[in-house]
Amino acid sequence: MRTIFLTGGTGFIGRQLVEELLKEEVMIFLLVRSKSKATRVFQDKGYFNEAALYFIEGDLTKPDLGLSDEDKERVLRTDVIIHAGGQMDIQATTQEATNVFLNGAKHISEFAKSIHQLKGLQQFIHVVGYMSPFDDDNSKVAIDVFQDGHDYLKIKNPYERTKFLADLYIRQQASAIGYPLSVINPPTVVGSSTTGSTEQVAGLGLLVESMRRGLMPVIPGGKGYKLPLIANDALAKFIVQVVTREPSSIQTYTLVPDQPQDPDISELLGVMSESMNMTAPTISVPLRFMKALMNGGISKITQIPSDGLNFITNRKFANDLPKKVMGANWFTKTSVMNFFPAVVADLDYRLMYPNDQQHPAFERTLTGNTVIYQIPGEGKPFILFHGLLSDGEDLFPLGLELHDKTGQPVWIPDLPGLGRSPFKREKNLLDLYLNVVKQLSEKASNGAHWIGHSFGAVILLEALGREYLDTKNTITLLQPPVAKKNSKAFNIPPFMSKWALKSATANSLERYLIGNGLFETRESIPKHYIAKVRSSFTSPRIVNTTLQLNHFLSKNYQGDFTNVPKPNLHIIWGDQDRRYSVPAQLGKVDVVPYGHHFPLSHPRETACYVLGK
């Protein structure tokens with residue numbers, strides 16, 4: 001069994017790497033600041049394995065990494081070192097960055113030397129950014145990085161400068177001592193290809209934050225410039241493959257993809273803008289001019305450092321070595337552009353709700369670029385579609401009740417443009433949502449129990465009318481908004497509607513919710529619901545999508561229910577709704593004493609009504 005000493009294992013890249021390494025026959029010694037915190041991290045992730053994962057408490061910035069004598073002995077017996085430690089903070093001071101990166105490189109290189117002299121180090125793997133100026137051709141630059149390095153590298157940003165000097169130092173040490181070194185240069189790392197979840201918001205998140213605040217009206221750099229990306233699961237799989245190799249020298253693997261997997265910045269911003277339901281910028285501005293503007297004071301206004309533009313480049317990169325390891329089409333198969341819209345929406349969501357924690361019962365995945373939350377089970381799945389002023393997580397309590405009472409699977413999508421799902425432009429707005437029905441019905445080939453609340457009910461009605469759902473499926477509609485009581489309530493100018501959403505206070509929102517019968521009383525409003533809705537209005541994606549869908553329902557939607565197979569329908573109606581009337585034209589309706597949002601306020605009772613109990 002191969003033993004590995006890993007730094008940075010609790011970080012955004014490291015956690016994914018640990019998961020991939022544990023699929024191999026290895027023993028991992030993981031450097032952590034706190035064993036108790038690390039245990040919680042990996043237990044929450046569901047892949048803590050005491051037989052293959054041992055936590056070593058220490059600190060990169062301290063001599064001998066601050067290890068106990070017992071842990072030093074463990075590290076000295078390892079076969080491979082993987083150094084991926086150091087927090088991403090492009091605003092770190094010179095002292096902070098030097099302490100973490102340069103001193104960390106020195107301390108871990110001392111262990112590498114001791115291991116190699118004691119038993120032979122099979123390989124040292126160093127993960128460092130793709131913009132490093134050092135490669136296999138210039139890895140023997142003869143300078144003292146601690147004394148002369150800061151003058152040698154004319155890079156203003158301390159974070160980048162010290163990371164690259166650490167790269168040079170580790171190359172110098174490997175060359176002098178003689179152990180094999182593999183340097184892996186990933187581009188900007190984003191979330192897993194299966195979920196799009198990007199916990200590290202300091203990279204691409206800076207660009208998303210700028211866009212969502214309306215501060216990206218131009219294309220930085222223009223044609224020929226790009227922001228290369230890689231998924232953390234693709235990076236982790238690559239590192240595992242490098243671990244299994246037996247190099248004899250220093251090799252550098254640059255993981256920057258080819259065109260068209262690596263589009264230029266204008267194409268990237270176009271996809272981002274569409275995902276955010278915004279207008280894409282069309283005017284290009286030279287990168288130097290943009291940096292000068294930001295250094296001149298724009299950064300203080302935007303709260304985005306000019307160094308955030310350093311990840312955008314027109315450099316050419318060679319990637320022949322990674323192709324030899326993973327295959328010629330690896331970059332095509334792992335292209336971030338396959339799920340990039342979901343990454344953008346996830347970052348937007350995290351910027352709205354920085355402290356949000358997903359419910360542990362639900363697994364998250366992607367269907368296309370639509371986020372789906374799932375609970376596994378036996379039998380036909382319950383598929384729940386949410387309405388406006390909510391997202392998939394608001395239906396978690398109802399989903400849990402249905403699962404607990406039946407043991408059947410539960411699937412809850414975030415509808416496009418809402419929650420964590422990106423927007424996508426379609427000629428017909430409703431087609432965007434009907435496509436989700438088609439995709440999920442293909443996955444549920446034996447049929448499903450479909451439940452739609454409010455706008456979600458409209459989607460299912462349209463799907464029935466177009467015969468997207470056959471007799472293997474059952475459909476429950478919760479508060480379908482198809483019979484308006486007072487059309488004048490909807491005649492608000494779109495500009496004023498957007499202004500009203502963005503400026504809504506907690507009190508005004510509460511008055512709106514109760515006054516329109518969305519909830520029957522203040523006490524029936526779920527805890528944190530109002531705060532969550534207000535936070536969602538900081539997102540142009542959610543505001544613009546909400547307004548478009550509200551406009552569709554209030555002015556454009558004239559549903560024709562003559563062809564709807566009514567025997568398939570089960571309709572439940574909250575009689576406290578003050579905006580819509582009972583949809584008697586759809587057939588028999590079960591009336592309950594609640595407001596429009598009763599699936600959110602009364603999930604247990606709703607589950608009983610749905611199941612007929």
Exercise for the section: Give, for atom OG1 of T195 and atom CG of N232, the distance between the pair rounded to the nearest 0.5 Å. Expected result: 7.5 Å

Exercise for the section: Check whether any side-chain N or O of E401 sits under 3.5 Å from a backbone N or O of A607 as a donor-acceptor pair, and report yes or no. Expected result: no

Problem - L469 backbone acceptor or donor facing N473 side chain under 3.5 Å - result: no

Problem - Atom CG of N428 with >12 non-hydrogen neighbours under 6.0 angstrom - result: yes

Handout entry: Summary of ring pair (Phe, Tyr, Trp, His ring centres under 6.0 Å) pairs that have at least one residue in residues 188-215, sequence neighbours excluded
Key = none

Exercise for the section: Using a cut-off of 6.0 Å, state whether more than 12 heavy atoms not belonging to K23 lie near its atom NZ. Expected result: yes

Handout entry: Any donor-acceptor pair under 3.5 Å from T545 side chain to L418 backbone
Key = no

Problem - Side-chain donor/acceptor of R425 to backbone N/O of N277, under 3.5 Å - result: no

Practice task
Output yes when a side-chain donor or acceptor of H596 lies under 3.5 Å from a complementary backbone atom of D577, and no otherwise.
Solution key: no

Exercise for the section: State whether the number of non-hydrogen atoms from other residues, nucleotides or ligands found under 6.0 Å of K405 atom NZ is greater than 12. Expected result: yes

Handout entry: Donor-acceptor pair, side chain of E267 and main chain of D264, under 3.5 angstrom
Key = yes

Problem - T538 side chain to R213 side chain, donor-acceptor N/O pair below 3.5 angstrom - result: no

Problem - Donor-acceptor under 3.5 Å (E510 side chain, R522 main chain) - result: no

Less than 3.5 Å apart, which donor and acceptor atoms pair up between the side chains of residues 430-442 and the rest of the protein, not counting sequence neighbours?
| residue | atom | partner | partner atom | Å |
| --- | --- | --- | --- | --- |
| D431 | OD1 | R466 | NH1 | 3.1 |
| Y433 | OH | P416 | O | 2.8 |
| N435 | ND2 | D431 | O | 3.1 |
| S441 | OG | V437 | O | 3.1 |
| S441 | OG | K438 | O | 2.9 |

Problem - Short side-chain to backbone donor-acceptor contact, S421 and D414, under 3.5 Å - result: yes

Exercise for the section: Please identify each residue that fulfils ring pair (Phe, Tyr, Trp, His ring centres under 6.0 Å) with F340, with sequence neighbours left out. Expected result: none

Exercise for the section: Go through the side-chain N and O atoms of S539 and D348 and say whether any donor and acceptor fall under 3.5 Å apart. Expected result: yes

Handout entry: Residue pair K424, E274: steps toward the side chain to side chain contact (heavy atoms under 4.5 Å, CB included) verdict
Key = CA-CA 6 Å; K424 181 175 172 55; E274 180 179 15; 3.7 Å; yes

Problem - Exercise: do D590 and H570 side chains pair donor with acceptor under 3.5 Å - result: yes

Practice task
For the pair K532 and D394, find out whether any cationic side-chain nitrogen is under 4.0 Å from an anionic carboxylate oxygen.
Solution key: yes

Completion exercise
From the list V344, V208, V343, side chain to side chain contact (heavy atoms under 4.5 Å, CB included) partner of S275 resolves to V344

Practice task
State which residues pass side chain to side chain contact (heavy atoms under 4.5 Å, CB included) with T521; sequence neighbours excluded, sorted by chain then number.
Solution key: E523, S524

Problem - Spacing of CD1 belonging to I451 relative to CG belonging to L477, to within rounding of 0.5 Å - result: 10.0 Å

Exercise for the section: Compute whether any side-chain donor of one residue and acceptor of the other, for K333 and N338, lie under 3.5 angstrom apart. Expected result: no

Practice task
Could you tell me whether the side chain of T198 and the main chain of Q200 form a donor-acceptor pair under 3.5 Å?
Solution key: no

Exercise for the section: Would you check, one step at a time, whether the test side chain to side chain contact (heavy atoms under 4.5 Å, CB included) holds for R212 with M276? Expected result: CA-CA 8 Å; R212 71 196 298 272; M276 291 288 289; 3.5 Å; yes

Practice task
Let me see the working for L204 and L206 under side chain to side chain contact (heavy atoms under 4.5 Å, CB included), right down to the final yes or no.
Solution key: CA-CA 5 Å; L204 181 66; L206 292 173; over 6 Å; no

Practice task
Look at the rings of H597 and F519 and say which category their plane angle falls in: under 30° parallel, 30 to 60° tilted, over 60° perpendicular.
Solution key: perpendicular

Practice task
Keeping the roles fixed (side chain from S210, backbone from L207), state whether a donor-acceptor pair exists under 3.5 Å.
Solution key: no

Problem - Residue pair R534, L509: steps toward the side chain to side chain contact (heavy atoms under 4.5 Å, CB included) verdict - result: CA-CA 8 Å; R534 289 187 68 208; L509 191 55; 3.8 Å; yes

Practice task
Would you check if there is a donor-acceptor pair between the side chains of T505 and S508 at a distance under 3.5 Å?
Solution key: yes

Exercise for the section: In plain terms, say whether R420 and D346 are close enough for a salt bridge, that is, a side-chain N and a carboxylate O under 4.0 Å apart. Expected result: yes

Exercise for the section: For T332, enumerate each residue passing the side chain to side chain contact (heavy atoms under 4.5 Å, CB included) test, keeping only those at least two apart in sequence or located in another chain. Expected result: Q261

Practice task
Can you label the angle between the Y373 ring and the F362 ring as parallel, tilted or perpendicular, going by 30° and 60°?
Solution key: perpendicular

Completion exercise
Across all chains, not counting sequence neighbours, the ring pair (Phe, Tyr, Trp, His ring centres under 6.0 Å) partners of Y353 are Y349

